[in-house]
There are 2 protein chains.
Amino acid sequence: MLYRPFENRLNLELGKHDLYRAQWSILYYLFNNGSATHVEISNYLSVEKPTVTRTITRLEQQGYVEHIPGKDRREKRMQLTELGKAKYLEVRVTVDQYEEEILKGISVEEQQEVIRIMNDIRKNILK
Amino acid sequence: MLYRPFENRLNLELGKHDLYRAQWSILYYLFNNGSATHVEISNYLSVEKPTVTRTITRLEQQGYVEHIPGKDRREKRMQLTELGKAKYLEVRVTVDQYEEEILKGISVEEQQEVIRIMNDIRKNILK
DNA sequence: AGTAATAGTTAGCGAGAATAACTATTTAAG
DNA sequence: CTTAAATAGTTATTCTCGCTAACTATTACT
């Protein structure tokens, strides 16, 4: 009931910056995590590895992410480039405005409550 | 954060019945509404008309929906067939189990609270 | 009567995600 | 210490779901 309108508007906002949701969610994760492997991203987003590979490839072509040596020669640990960080912060402004707009009239307590409950549900699903 | 795991699991459950989310959401709407035109479904799901046409066509081929005369010769008013109603009830059992499972430990008050707030957000987005 | 608007369809495109089958590397077991 | 199993990632292919643009058919408005 909420997802489609939310997705539609978010894609509209992100489109202004030549980004899609899948790309944005990885920028977001890397910015807040410093770095991550494909598998970590895969688990975080609940998508399969090939999906991650494709999106990461695009982000690499755009110059937003780069890979750094991991503890293995198998794993590919990724992090944001300087350009990627700048991009994140730039888009963040737009996304913040969007969030503020759609949360108008919802108190901070209510927001926290919803996040807490959604997290509980998430745990139930992934269990 | 919640959508992908939810979608994955739901599709898994629906897959047991040879259905996809898009189809299920229309079955759901028609069952609870008696009948609807393409435009009504389009608005309800926040999806464009061609998308509705395609999904409805599939449901028609599967024998779950049929069209009845509307107030126009333009509009195509759809309703569930007997088979469609039976299918809905059959799948409903699976979906109920799924919902119960993922809502374990969430009180009814909390559920209502979340629904209320999500509805408020939805209104903000569509405004 | 002639133009607007509304309902739906067709054609074509693209995002996003999945599975299956593969390579490369690392870990564990006999 | 070598071989089998597990892990990380890629490639190829397929599917759903959704979009826009351009169309037909019908109805409403001026």
Side-chain angles (χ1 to χ4, degrees), chain A residues 2-15 17-29 35-62 65-79, chain B residues 3-29 35-62 65-79:
Chain A
L2 186 55
Y3 183 70
R4 287 288 315 149
F6 177 81
E7 170 98 356
N8 282 346
R9 268 294 308 276
L10 180 63
N11 269 328
L12 209 69
E13 302 295 337
L14 292 178
H17 302 274
D18 282 305
L19 280 182
Y20 292 93
R21 179 189 38 82
Q23 295 170 288
W24 169 248
S25 61
I26 290 182
L27 286 189
Y28 175 87
Y29 186 63
S35 73
T37 65
H38 286 203
V39 166
E40 283 164 19
I41 294 170
S42 167
N43 288 333
Y44 169 68
L45 297 178
S46 295
V47 299
E48 295 301 319
K49 291 183 293 171
T51 307
V52 174
T53 297
R54 181 163 32 98
T55 308
I56 284 284
T57 301
R58 279 186 208 158
L59 288 171
E60 241 176 330
Q61 284 164 353
Q62 291 171 295
V65 305
E66 62 192 354
H67 78 116
I68 55 176
K71 68 172 209 297
D72 257 16
R73 245 178 309 179
R74 281 176 305 184
E75 74 172 27
K76 218 168 170 181
R77 184 158 284 275
M78 310 301 296
Q79 70 178 10
Chain B
Y3 182 70
R4 286 288 314 151
F6 178 81
E7 170 99 354
N8 282 344
R9 267 295 307 276
L10 180 63
N11 269 329
L12 206 71
E13 302 295 336
L14 292 177
K16 295 175 189 164
H17 302 275
D18 282 305
L19 279 182
Y20 291 94
R21 180 193 32 86
Q23 295 170 292
W24 169 249
S25 60
I26 289 180
L27 285 189
Y28 175 87
Y29 186 62
S35 72
T37 65
H38 285 204
V39 166
E40 283 164 18
I41 295 170
S42 168
N43 288 333
Y44 168 69
L45 297 178
S46 293
V47 150
E48 295 301 319
K49 291 183 292 171
T51 308
V52 174
T53 298
R54 184 162 28 115
T55 308
I56 284 284
T57 301
R58 281 187 206 158
L59 288 171
E60 242 175 329
Q61 283 163 354
Q62 291 171 294
V65 305
E66 64 192 352
H67 78 115
I68 54 178
K71 66 174 210 298
D72 258 17
R73 245 179 308 177
R74 282 177 304 182
E75 73 172 29
K76 217 166 169 182
R77 183 157 285 276
M78 310 301 296
Q79 71 178 11

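Chain letters run A, B, ... following the sequence lines, proteins first and then strands; every chain starts at 1.
Counting only residues at least two apart or on different chains, the salt bridge (Lys or Arg N to Asp or Glu O under 4.0 Å) pairs with a member in residues 37-60 of chain B are E40(B)-R77(B).
dT9(C) atom C1' lies 13 Å from atom CE of M78(B), rounded to whole Å. The CD1-P distance, from I56(A) to dA17(C), rounds to 13 Å in whole Å. Here dG8(C) presents its C1' atom at 14 Å from CG of N43(B), a figure rounded to the nearest Å. What separates NZ of K76(A) from C1' of dT11(D) is a distance of 13 Å, to the nearest Å. Distance NE2 (H38(A)) to C1' (dT10(D)): 10 Å, rounded to an integer number of Å. Following rounding to the nearest Å, Y44(A) (OH) and dA17(C) (C1') show an atom-to-atom distance of 18 Å.
The nearest pair of heavy atoms linking S35(A) to I68(A) is CB-CD1, 4.2 Å. Nearest heavy-atom pair across I56(A) and V65(A) is O-CG2, 4.0 Å.
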| request: Check step by step if side-chain contact (heavy atoms from CB on, under 4.5 Å) holds for R9(B) and L12(B). | output: CA-CA 5 Å; R9(B) 267 295 307 276; L12(B) 206 71; 4.3 Å; yes
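Atom OH of Y29(A) is surrounded by more than 12 heavy atoms from other residues, nucleotides or ligands within 6.0 Å. By the neighbour-count criterion of 12 heavy atoms within 6.0 Å, atom OH of Y44(B) is densely surrounded, having more than that number from other residues, nucleotides or ligands.
Base orientation of dA4(C): syn (glycosidic angle within 90° of 0).
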| remark: Under a 4.0 Å heavy-atom criterion, the protein footprint on nucleotides 16-26 of chain D, written with B, S and -, is SBBBBB----B
